[in-house]
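Structure first, then comments.
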Amino acid sequence: MRIGAFSRRTGVSQRLLRYYEEQGLLAPRRLPSGYREYEEADVRTVRGIRTMLAAGLSTRTIAELMPCHVDDGVGLVPACWGVLPELLKERERLDTAITDLLSARDALDGIIAVTPQPEPDDIGAGAEAGVVPAGAVC
């Protein structure tokens with residue numbers, strides 16, 4: 001199938017499909033006219049790419065892991081234990097990012113907790129929209 005139909009079939013934009021190809025993640029067959037021709041196996045490959053992206057992996061990491069994945073007829077699955085260290089490293093990176101985000105949220109909660117609340121009289125003066133009334137002391 002051509003790129004337009006493939007894009008509709010996978011739900012991935014044509015631009016992203018070309019990007020996946022540039023990154024070495026997808027290798028459609030080229031017709032003599034230069035058009036890309038995708039096959040059913042490419043649908044499963046794109047699903048695998050999307051799954052790995054959703055898991056927080058970069059396209060660089062996915063490109064490194066792809067040679068150790070096989071198409072089982074449903075999707076891409078790891079075929080060798082050699083990918084495990086990289087997957088565990090990525091999980092650790094995500095754990096660190098989650099910890100950092102939770103710390104940032106806690107800090108923001110602390111700032112919110114000590115921020116003065118508008119007085120009932122201020123509500124009609126625009127405080128509900130974040131507008132400080134003229135003459136207000138902040």
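To the nearest 0.5 Å, atom CD of residue Q14 and atom CD1 of residue I3 are 5.0 Å apart. Between atom CG of residue L87 and atom CD of residue E92 there is a gap of 13.0 Å, rounded to the nearest 0.5 Å. Distance check, rounded to the nearest 0.5 Å: SG of C80 to CG of L65 gives 9.0 Å. Note: L108 CG to L101 CG = 12.0 Å, rounded to the nearest 0.5 Å.
Inspection of the Y20 and R15 side chains reveals no N or O donor paired with an N or O acceptor under 3.5 Å. For the 3.5 Å distance criterion, the side chains of T96 and T99 fail to qualify, holding no donor opposite an acceptor.
One hydrophobic cluster, built from ILVMFWY side chains closer than 4.5 Å, holds both Y19 and I62.
A salt bridge does not link E39 with R44: every distance from a Lys NZ or Arg NE/NH1/NH2 to an Asp or Glu carboxylate oxygen is 4.0 Å or more. The pair E21-R18 does not count as a salt bridge, with every side-chain nitrogen at least 4.0 angstrom from each carboxylate oxygen. A salt bridge does not link E86 to R91: none of the charged side-chain nitrogens sits closer than 4.0 Å to a carboxylate oxygen.
Looking at R2 and E37, their side chains come closer than 4.5 Å, going by heavy atoms from C-beta outward. Annotation: side chain of R47 is not in contact with side chain of T10 (no heavy-atom distance under 4.5 Å). The side-chain heavy atoms of R60 and Q23, taken from C-beta on, include no pair separated by under 4.5 Å. The side-chain heavy atoms of E64 and L57, taken from C-beta on, include no pair separated by under 4.5 Å. Between L17 and F6, some side-chain heavy-atom pair lies under the 4.5 Å cut-off.
Counting all heavy atoms, side chain and backbone alike, L94 lies closest to A55 at CD1-O, 3.1 Å. The two residues V83 and C68 come nearest to each other via the heavy atoms CG1-CB, 3.1 Å. For the residue pair M66 and L25, the shortest heavy atom distance occurs at CE-O, 3.3 Å.
Atom CZ of R105 sits in a sparse spot, with 12 or fewer heavy atoms from other residues, nucleotides or ligands closer than 6.0 Å.
Within the 3.5 Å criterion, the main-chain N or O of K89 finds no donor-acceptor partner in the side chain of R93. A donor-acceptor distance shorter than 3.5 angstrom exists from the side chain of S7 to the backbone of V12, with no hydrogens or angles considered.
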Using the side chain to side chain contact (heavy atoms under 4.5 Å, CB included) rule, take H69 and V77 through it: C-alpha gap first, then chi angles, then the decisive distance, then the call. CA-CA 5 Å; H69 282 72; V77 295; 5.5 Å; no
